[in-house]
Amino acid sequence: MRNRSWKMFCLTFAVLGCFAASGNASEPIKIGVVTPLTGTYTGIGQQVKWGLELAAKEINASGGILGRKVELLYEDEEANPLVATQKAEKLFQVSKVDFLTGTVNSASTLAVGQLAERNNKLIATTVSFSDAITGEKCSPNVFRVNAKAGMQSAALAEWLVKEKPGAQVFYLGPDYEMGRSTVAAFKSAAEKKGAKSSGEVFAPLGNKDYSPFFGQIRAAHASVLYTSVAGNDTVRLFTQMAEYGLMKNLTVVGASGTVTSQNIGAIGKVADGYVTGVGYSQEIESSENRKFVAAFRGMHKADPDLYGADSYGLVYFYKAAVEKAKSTDTEKVRKAMRGIKWMTPQGMKEMRAGDHQAIQDMYAVKVVDGKFKIIGKVRGDVAIGPDTCTRF
Amino acid sequence: MGGAVDYIQFVFMPQVFNGLTIGVAVILMALGLTIIFGLLDVINMAHGEFYALGAYLGVTLASHGAGYWLSLIAVPLVLLPLGYGVDRLLIQRVFHQKDRHMLTLLLTFGLAIVMEDVFKLAYGPNTIRPETPVSGGTELFGNFFPSYRLFLMAFGTITIASVWLAVHRTRFGSMVRAAAFDKNMASSLGVPVRKIYSATFAFGVALAGLSGVLLSPIYSVFPTMGKDFILMAFAVVIVGGLGNIKGVVFAGLLLTQVQAISSLYISPVWADPLVFAIMVVVLMVRPQGILGGKLGHV
């Protein structure tokens with residue numbers, strides 16, 4: 001009797017072991033995606049989804065990661081941190097995802113980052129700009145593969161002082177966290193390089209009429225206007241500036257979210273000449289980018305933007321780290337991610353170990369006939385700035 | 001001294017001008033609102049969406065090749081029967097019930113939500129910007145005044161004056177005022193009160209639509225645009241006296257000048273709270289509004 005039960009035990013164990021082993025080899029690697037599928041940021045979420053899907057398709061077609069297929073599990077973030085944490089919790093606890101990405105709203109990324117710490121999982125954002133994510137509020141469980149606001153400012157400031165030495169810059173931002181921090185970041189970057197500031201004004205978010213501020217801009221004798229308004233506010237600001245003939249003697253520069261594919265159609269010709277700093281452009285001349293753009297268009301019948309490109313690059317980042325770690329274990333993957341170099345449409349990126357911020361080349365781009373043209377480039381190690389993360 | 005003159009010339013004066021153009025826009029919005037309230041006692045929560053509807057109809061007409069000037073006439077004409085129908089089919093159904101204030105408020109609020117979503121479905125969520133029909137501007141005292149804003153002020157002033165004349169100097173206007181004053185007496189004297197109600201609602205809606213076409217080249221067109229001026233318009237109606245046309249003009253100019261000039265000295269974000277604080281004070285001290293008296297009663 002004793003002997004028999006021992007045999008049964010061994011058999012059961014063997015069968016279970018067999019299942020466990022086979023499960024490890026063929027069960028897919030699950031990547032949770034919490035991204036806005038409805039609401040104001042639907043357009044961004046769409047690009048995130050398209051970028052991830054293209055990379056997953058390519059990787060699965062060529063054998064997956066460590067022989068395992070990649071599976072993407074979507075949840076709607078609604079660009080709302082409260083919703084994002086609930087959906088992320090569900091993906092961690094119920095769906096048991098190995099890795100999580102997709103958050104767009106910077107506050108969502110920060111909140112989901114804290115949740116990842118509690119669940120001992122890793123996340124990465126491919127969209128959020130806020131410097132705090134890899135700065136004062138950095139987390140050992142959060143990585144960023146896209147360029148942060150500070151890097152965009154650095155690229156733009158570099159271009160500005162080269163093209164317009166001694167420029168008098170006037171600042172106009174929306175009066176909330178994003179507006180004030182982008183203006184402050186660009187102002188310090190531009191002043192460090194010798195640009196002069198001639199005044200600033202913060203208009204309410206969703207402001208109807210900007211003409212009350214035009215007197216101040218004229219009186220300040222500014223030659224350059226920096227703005228970080230976004231969406232519909234940009235349409236009104238640019239239209240009304242053109243109405244008042246302000247566009248003629250002014251170079252308008254701004255944040256990368258100010259003029260986008262969503263509002264450039266409505267702004268029309270007035271957008272021509274606008275300059276901003278970004279981490280990606282379809283125009284980047286490299287075989288990787290050409291291949292990426294062609295594959296993206298082929299699969300989705302649409303053009304990729306920076307969000308699509310960075311989300312595409314993210315899956316390859318995770319693949320490189322898991323293959324280096326030979327495991328999906330959080331501790332091992334984190335160690336592998338630190339300092340890793342991987343190929344993206346923008347060329348080689350490097351994940352800085354000290355703050356989990358990707359180092360990449362930055363571009364100054366200008367709107368010409370409704371399209372962004374590259375007019376300047378700043379090396380990644382120059383644009384990134386010092387590591388201010390002190391938590392790990 | 002030169003600095004002070006510069007300041008008045010280049011900052012203060014244009015600010016007053018900008019305040020005036022915004023004032024005309026707000027008055028146009030508030031006029032329809034106050035007429036509908038003055039006669040029907042209905043607070044039209046969908047007024048902003050009729051403003052948006054006017055703007056979208058203008059966009060549709062333009063995409064079919066119609067010029068801006070045509071849509072300036074055509075859009076109000078299209079909205080007249082539509083407004084008449086909305087009053088007949090929706091508002092009159094609940095109008096004669098006891099708690100009609102609450103019912104009509106909820107009804108028009110629901111209508112506003114439906115309309116906003118219909119705009120989103122029909123035209124998409126992205127902003128559309130109609131071309132400015134007259135470009136360029138005039139240089140006066142070293143300042144630049146865009147032609148379209150000058151046109152807006154002139155056209156707006158004529159419209160406002162015509163509305164006043166229509167209400168106070170025409171046969172239709174006197175029937176409206178009679179119905180507002182005492183609907184039973186007016187009815188017994190042969191005034192078709194129900195038709196007058198619907199016609200007045202249609203008139204208010206057409207005014208909102210006209211404002212939509214008029215303002216869209218400056219403020220652009222998007223699904224939630226109805227919410228833009230509506231709060232300010234409500235404040236103007238309350239401060240000026242509900243149902244009072246002169247009051248609307250007075251309060252419209254006052255509040256927009258307060259907003260424009262105060263934003264020179266305090267953060268622009270605080271200009272709105274200032275305007276609404278004035279509204280609260282008026283409600284407390286003089287609830288009938290600065291110029292008081294309802295339509296038909298003065």
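Computed from a predicted structure; not experimentally measured. Note on naming: letters A, B, ... go to the chains in the order of the sequence lines (proteins, then strands), and numbering restarts at 1 for each one.
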Non-hydrogen atoms of chain B under 4.5 Å away: do they reach the side chain of A:N263, the backbone, both or neither?
neither
Interface residue of largest heavy-atom contact number with chain A, from B:V269, B:I128, B:T132, under 4.5 Å
B:V269
Count the heavy-atom pairs under 4.5 Å between each of B:Y219, B:W270, B:Y148, B:F229 and chain A, then report the option with the highest count.
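Answer, by heavy-atom pair count under 4.5 Å with chain A: B:Y219.
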May I ask you to test the A:I267-B:R129 pair for a side-chain heavy-atom distance under 4.5 Å?
no
Check whether any side-chain heavy atom of A:V201 lies under 4.5 Å from a side-chain heavy atom of B:P268, and answer yes or no.
yes
So for atom NZ, which belongs to B:K227, do other residues, nucleotides or ligands contribute more than 12 heavy atoms lying within a distance under 6.0 Å?
yes
Counting only heavy atoms from other residues, nucleotides and ligands, does the tally under 6.0 Å from CZ of B:F151 exceed 12?
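Yes, the 6.0 Å shell around CZ holds more than 12 heavy atoms from other groups.
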Side chain, backbone, both or neither: which part of [X] has an atom under 4.5 Å from a heavy atom of chain A?
| X | answer |
| --- | --- |
| B:F144 | both |
| B:P130 | neither |
| B:I218 | both |
| B:F12 | neither |

Where along residues 211-230 of chain A does a heavy atom come under 4.5 Å of chain B, listed by residue number?
A:S211, A:P212, A:F213, A:G215, A:Q216, A:R218, A:A219
Quick one: which of A:D233, A:T239, A:V235, A:T234 gives a side-chain contact (heavy atoms from CB on, under 4.5 Å) with B:T127?
A:V235
Kindly give the heavy-atom pair with the smallest separation between A:D209 and B:R149, and that separation in Å.
OD2-NH1, 2.9 Å
Less than 3.5 Å apart, any donor N or O on the side chain of A:Y244 or B:N18 sitting next to an acceptor on the other?
yes
